[in-house]
Q: 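Have a look at the structure that comes next, please.
Residue numbering restarts at 1 for every chain, and letters A, B, ... go by the order of the sequence lines.
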Amino acid sequence: MTQIKLYNSATKQKEAFTPIDENHVTMYVCGPTVYNFIHFGNARPAVIFDCLFRILNSAYPKVTYARNITDVDDKINAAALEQKVSINEFTQKFTTAYQEDMANLGNLTPTLEPKATDHIQEMLDINQVLIDKGYAYESEGHVLFDVTSNENYGKLSNRNLDDMQAGARVEVADYKKHPMDFVLWKPSDTGTTGWDSQFGFGRPGWHTECVAMINKHLGKTIDIHGGGRDLLFPHHENEQIQGQCCQSETQDYVNYWLHNGMLNIDGVKMSKSLGNFITVRELLEQHDGELLRFALLTSHYRTTLNWTKDLLTQSQQALDKFYTVLRDTQDIKAGESDINTNPVVMALYDDINTPQAIAALHQISTDLNKKEGNLELLKAQFIQGAQILGILNKDPESYFKSGDGLDEASILDFIEQRKAAKKNKDFAGADKIREELLAQGIEIKDTREGVIWQRVR
RNA sequence: GGCUGGAUAGCAAAGUGGUAAUGCUGUGGACUGCAACUCCGCCAUCGUCAGUUCGAUUCUGACUCCAGCCUCCA
């Protein structure tokens, strides 16, 4: 089998991927905090890691992919209170919306979608273990992680405590031993969401949920942990140290850390705090999910992707071209394609190189159009590659023909009229019909096989 | 202040120690009644400077610029 390679943020290099268990790969990806509709930047990791999920599925018998839902958070509390709805109702609404958005972008449903609120006890247990082992302490109703307690703190993101303090905007609280200590459990007022615990009535603090969910569902050590680059610090650093410290010292928490680059808009990171975001919802109202997905795959996942109108235009052109090939080769039966010799798949096995995979798709398209070579193989490679990218799974006829506007019967009627005109060498008349159709959003083309039509986007 | 990445043709985007994939645009041609589709051809020396090397876009150093993290963020 061809080796899958992945860039590991922890070692800062591309490494051969070797799972702990050849028969069962485990992957965890940070999902959203459900307090509003997610913005398009959040869609990038979902699409990238969905692609990786498909890649792994093509190479291993079983893959468990977990993408969490953070449904307890101070922002959730605040927003629910402001909108005067119950927290449950509130988080359920946005959880469903998130799942719908993700599905509309062509993402497979993850194996597991665990919720933070279903793992409160597990989080408390982890806190207790950390306290018992001397990595965490209680202070004024809080449980805090002591960042000086383990020398590995800072390793993942390559930071040291002294440097960070120099220019840091760290909130110094008197219940902390060290300014960088982070909260694992915090006290809640009677009016705030909370759970009774040995540490008092309170709620989870720093993303212990990820550790809890991973330990419970995927194991003490997992193969892959993914998320946005902006989560590397502090989130993943803090999570990593917790995961490491609550198990045996020699055992790693995560073997491969993967981080996707940011999505920029007008050259600046799209983010909730800056307010320069577009929600996936809004984009889906104007564009097909497949187009949005394709646009996200046009650049390598570790680079920054600038979101522009031009990107969408170019993506649309590429998709149209691919669907044209599929439409024109409908009579070619896909043969057998060996994953290991498929250039599209090979590109993806090399650290999810989606741009190169798309380039390979273009190459195959040209060969198919030329009708040269082993067409059954080419078609099979094309379809197999597209499947792993999660694109081109629509029926090409309906891709071009579905939509609003003139009904099919009328279109065919016009085409017949034009045919008659052409037969009578009335080219002016024929052209006029073509123009009228175009004015109504219908484009027609004469091919050797006959007239074909499609709706213009 | 500390730490990360990045800079490739008009646009987008891979990649490599031996003069650079792919797509779009533009342009020349084939096909077509004309178009469209499709096919063939053309269009870059890889931010700047210096070093290593027989040879660097690819390695090293400096510089400039851009983005990100150090506060919730994918």
Side-chain angles (χ1 to χ4, degrees), chain A residues 9 12 29-33 35 38-49 67 70 73-75 154 157-171 180 206-207 226-237 259-264 267-274 277 295 298-306 308 310-311 313-322 324-325 327-328 343 347 350 353-363 365-366 368-372 422 425-428 430-431 434-435 438 443-448 451-454 456:
Chain A
S9 302
K12 287 187 195 154
V29 173
C30 289
T33 302
Y35 66 95
I38 64 152
H39 73 251
F40 200 59
N42 296 277
R44 174 120 104 139
V47 168
I48 288 298
F49 292 111
R67 188 180 63 196
T70 300
D73 174 271
D74 288 356
K75 281 203 236 19
S157 60
N158 189 32
R159 283 155 209 261
N160 70 66
L161 292 169
D162 298 334
D163 287 345
M164 280 191 290
Q165 280 182 79
R169 293 165 280 182
V170 182
E171 193 196 341
M180 294 300 287
W206 257 117
H207 296 243
R229 178 126 211 115
D230 53 352
L231 293 182
L232 186 54
F233 189 91
H235 181 198
H236 288 161
E237 186 68 59
H259 291 97
N260 61 276
M262 298 295 100
L263 186 81
N264 278 191
V268 183
K269 177 187 169 189
M270 185 184 283
S271 74
K272 287 175 183 172
S273 45
L274 288 174
F277 60 84
T298 55
S299 70
H300 187 82
Y301 79 95
R302 279 189 281 115
T303 64
T304 301
L305 172 62
N306 204 27
T308 61
D310 216 38
L311 175 65
T313 308
Q314 295 193 8
S315 299
Q316 183 68 265
Q317 283 170 311
L319 275 180
D320 285 354
K321 189 180 161 180
F322 289 143
T324 302
V325 180
R327 182 185 61 191
D328 295 349
D350 185 9
N353 196 333
T354 53
Q356 195 153 73
I358 291 169
L361 236 33
H362 279 294
Q363 207 86 54
S365 295
T366 303
L368 280 170
N369 281 329
K370 284 199 282 194
K371 303 256 189 279
E372 280 173 13
K422 278 176 67 177
K425 302 277 183 209
D426 175 15
F427 294 121
D431 288 351
R434 186 167 63 193
E435 278 158 30
L438 191 59
E443 191 178 5
I444 55 176
K445 307 170 180 191
D446 299 329
T447 72
R448 282 188 195 82
V451 182
I452 56 175
W453 65 273
Q454 65 186 60
V456 182

Q: Quick one: does any side-chain atom of A:Glu237 pair with a main-chain N or O of A:Ser157 as donor and acceptor, under 3.5 Å?
A: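 Looks like yes, one N/O pair under 3.5 Å.
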Q: Side chain to side chain contact (heavy atoms under 4.5 Å, CB included) for A:Thr313 and A:Gln316? Distances and angles first, verdict last.
A: CA-CA 5 Å; A:Thr313 308; A:Gln316 183 68 265; 5.8 Å; no
Q: Give RNA chain B the dot-bracket treatment, 5' to 3': Watson-Crick (N1-N3 with N6-O4 or O6-N4) or G-U (N1-O2, O6-N3) under 3.5 Å, [ ] crossing, | other strand.
A: (((((((..(((.........))).(((((.......)))))....(((((.......))))))))))))....
Q: Identify which nucleotide among B:C24, B:U22, B:U38 has an atom closest to any side-chain atom of A:Gln314, counting heavy atoms from C-beta outward.
A: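 Among B:C24, B:U22, B:U38, the one nearest the side chain of A:Gln314 is B:C24.
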Q: So A:Ser271, base contact, sugar-phosphate only, or nothing? Heavy-atom distance under 4.0 Å.
A: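 Result for A:Ser271 = base.
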Q: A:Ser315 versus A:Thr298: any side-chain heavy-atom pair under 4.5 Å?
A: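 A side-chain contact exists here, since the closest heavy-atom pair is under 4.5 Å.
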Q: Quick one: does A:Val268's side chain get under 4.5 Å of A:Leu274's, heavy atoms only?
A: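 In contact.
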Q: Between protein and nucleic acid, restricted to nucleotides 66-69 of chain B and to nitrogen or oxygen atoms under 3.5 Å apart, what atom pairs and distances do you find?
A:
{"residue": "B:G68", "atom": "OP1", "partner": "A:Lys269", "partner atom": "N", "Å": "3.1"}
{"residue": "B:C69", "atom": "OP1", "partner": "A:Lys269", "partner atom": "NZ", "Å": "2.5"}
{"residue": "B:C69", "atom": "O2'", "partner": "A:Arg159", "partner atom": "NH2", "Å": "3.3"}
{"residue": "B:C69", "atom": "O2'", "partner": "A:Phe233", "partner atom": "O", "Å": "3.1"}
{"residue": "B:C69", "atom": "O2", "partner": "A:Arg159", "partner atom": "NH1", "Å": "3.3"}
{"residue": "B:C69", "atom": "O2", "partner": "A:Arg159", "partner atom": "NH2", "Å": "3.4"}

Q: For A:His300 and B:U8, what is the distance between atoms NE2 and P respectively, to the nearest whole Å?
A: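 Interatomic distance, NE2 of A:His300 to P of B:U8: 17 Å.
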Q: I want to check something: taking the side chain as every heavy atom from C-beta on, are A:Asp230 and A:Met262 in contact at a cut-off of under 4.5 Å?
A: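 A:Asp230 vs A:Met262: side chains touch.
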Q: Dump the intermediate steps for side chain to side chain contact (heavy atoms under 4.5 Å, CB included) on A:Lys272 and A:His39, then the final yes or no.
A: CA-CA 8 Å; A:Lys272 287 175 183 172; A:His39 73 251; 3.6 Å; yes
Q: Indicate yes or no for a side-chain donor-acceptor contact from A:Asn369 to the backbone of A:Ser365 under 3.5 Å, with no hydrogens or angles considered.
A: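 Such a contact is found between A:Asn369 side chain and A:Ser365 backbone.
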Q: NE2 of A:His259 versus C1' of B:G6: gap in Å, rounded?
A: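 Result: 18 Å.
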Q: Only counting residues at least two apart or in another chain, list the ones meeting salt bridge (charged side-chain N to carboxylate O under 4.0 Å, His left out) with A:Arg159.
A: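 With sequence neighbours excluded, A:Arg159 shows a salt bridge (charged side-chain N to carboxylate O under 4.0 Å, His left out) to no residue whatsoever.
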Q: Does A:Asn260 reach a base, just sugar-phosphate, or nothing at all? Heavy atoms under 4.0 Å.
A: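 It contacts base atoms.
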Q: Side chain to side chain contact (heavy atoms under 4.5 Å, CB included), that's the test. Do A:Tyr301 and A:Val47 meet it? Break it down for me.
A: CA-CA 10 Å; A:Tyr301 79 95; A:Val47 168; over 6 Å; no
Q: Regarding A:Ile38, tell me which of base, sugar-phosphate or nothing describes its non-hydrogen contacts under 4.0 Å with the strands shown.
A: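 If one applies the 4.0 Å heavy-atom cut-off, A:Ile38 turns out to touch nothing in the nucleic acid.
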Q: Could I get a table of every N or O pair under 3.5 Å where one atom is in the protein and the other is in nucleotides 27-30 of chain B?
A:
none

Q: Nearest-nucleotide wise, let me know which of A:Phe427 and A:Asn158 is further upstream toward the 5' end of RNA chain B.
A: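 Final value for this comparison: A:Asn158.
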Q: Under 4.0 Å between a side-chain N or O of A:His207 and OP1 or OP2 of B:C73?
A: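 A:His207 to B:C73 OP1/OP2: side-chain N or O found under 4.0 Å.
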Q: CE of A:Met180 versus P of B:G2: gap in Å, rounded?
A: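 Interatomic distance, CE of A:Met180 to P of B:G2: 16 Å.
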Q: For the base of B:G15, is there a side-chain donor-acceptor partner from A:Asn353 under 3.5 Å away?
A: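 No, the side chain and the base share no sub-3.5 Å donor-acceptor pair.
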Q: Name the nucleic acid region contacted by A:Gly41, choosing base, sugar-phosphate or nothing; use a 4.0 angstrom heavy-atom cut-off, strictly under.
A: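 Base contact.
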Q: Both A:Leu311 and A:Ser157 contact RNA chain B. Taking the nearest nucleotide for each, which residue is further toward the 5' end?
A: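 Per heavy-atom nearest nucleotide, the more 5' residue is A:Ser157.
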Q: Without swapping roles, check the side chain of A:Arg44 against the backbone of A:Gly261 for a donor-acceptor pair under 3.5 Å.
A: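 The answer is yes, because a donor-acceptor pair under 3.5 Å joins these two groups.
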Q: How close or far is atom C1' of B:U32 from atom CD1 of A:Ile452, stated in whole angstroms?
A: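 Taking atom C1' of B:U32 as the reference, CD1 of A:Ile452 is at 14 Å.
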Q: Looking across every strand, which nucleic acid part, if any, lies under 4.0 Å from A:Lys75 by heavy atom: base, sugar-phosphate, or nothing?
A: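 Base contact.
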Q: Could you state the atom-to-atom distance from CG of A:Leu361 to C1' of B:U22 in whole Å?
A: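 That distance rounds to 11 Å.
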Q: Could you tell me whether the side chains of A:His236 and A:His259 share a donor-acceptor contact shorter than 3.5 Å?
A: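 Side chains of A:His236 and A:His259: pair found under 3.5 Å.
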Q: In whole Å, measure the gap between the C1' atoms of B:G26 and B:C11 for me.
A: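 Per the computed distance, 12 Å lies between those C1' atoms.
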Q: C1' atom, B:U16 versus B:A35: distance in rounded Å?
A: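 After rounding to an integer number of Å, I get 42 Å for this pair.
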Q: Within a strict 4.5 Å, meaning less than it, do heavy atoms of the A:Arg327 and A:Gln454 side chains meet?
A: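 When only atoms from C-beta onward are counted, A:Gln454 and A:Arg327 do touch, with a gap below 4.5 Å.
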Q: Examine distances only and state if a side-chain atom of A:Asn353 and a backbone atom of A:Gln356 form a donor-acceptor pair shorter than 3.5 Å.
A: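 Checking the backbone N and O of A:Gln356 against the side chain of A:Asn353, a donor-acceptor pair under 3.5 Å is found.
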Q: Work out how far the P atom of B:G47 is from that of B:U38, and round it to whole angstrom.
A: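 Result for the P pair: 33 Å, nearest Å.
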Q: Using whole Å, report how far CD of A:Glu237 lies from P of B:C3.
A: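 So the CD-P distance, A:Glu237 to B:C3, works out to 15 Å.
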Q: Please report, rounded to the nearest Å, how far the P atom of B:C3 is from the CG atom of A:Asn160.
A: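 Distance check: A:Asn160 CG to B:C3 P gives 8 Å.
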Q: Begin with the C-alpha distance, continue with both residues' side-chain angles, and end with the deciding distance and a verdict on side chain to side chain contact (heavy atoms under 4.5 Å, CB included) for A:Thr366 and A:His362.
A: CA-CA 6 Å; A:Thr366 303; A:His362 279 294; 5.5 Å; no
Q: Could you go over nucleotides 35-37 of chain B and give all protein N or O partners under 3.5 Å, atom names and distances?
A:
{"residue": "B:A35", "atom": "N6", "partner": "A:Asp446", "partner atom": "O", "Å": "3.0"}
{"residue": "B:A35", "atom": "N1", "partner": "A:Asp446", "partner atom": "N", "Å": "2.9"}
{"residue": "B:A35", "atom": "N3", "partner": "A:Arg434", "partner atom": "NH1", "Å": "3.1"}
{"residue": "B:A36", "atom": "O2'", "partner": "A:Glu443", "partner atom": "OE2", "Å": "3.3"}
{"residue": "B:A36", "atom": "O2'", "partner": "A:Lys445", "partner atom": "NZ", "Å": "3.4"}
{"residue": "B:A36", "atom": "N1", "partner": "A:Asp446", "partner atom": "O", "Å": "3.1"}

Q: Check nucleotides 40-45 of chain B for protein N or O atoms closer than 3.5 Å to its own N or O atoms and list the pairs.
A:
{"residue": "B:C40", "atom": "OP1", "partner": "A:Lys370", "partner atom": "NZ", "Å": "2.9"}

Q: How would you label the contact of A:His39 with the nucleic acid (heavy atoms, under 4.0 Å): base, sugar-phosphate, or nothing?
A: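 Base, at least one base heavy atom under 4.0 Å.
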Q: Under 4.0 Å between any heavy atoms, over every strand shown, what does A:Asn42 touch: base, sugar-phosphate, or nothing? Just pick one.
A: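 The answer is base, as A:Asn42 lies within the cut-off (heavy atoms under 4.0 Å) of a base atom.
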Q: Let me know the distance between CG of A:Asp162 and C1' of B:C70, rounded to the nearest Å.
A: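 Distance check: A:Asp162 CG to B:C70 C1' gives 14 Å.
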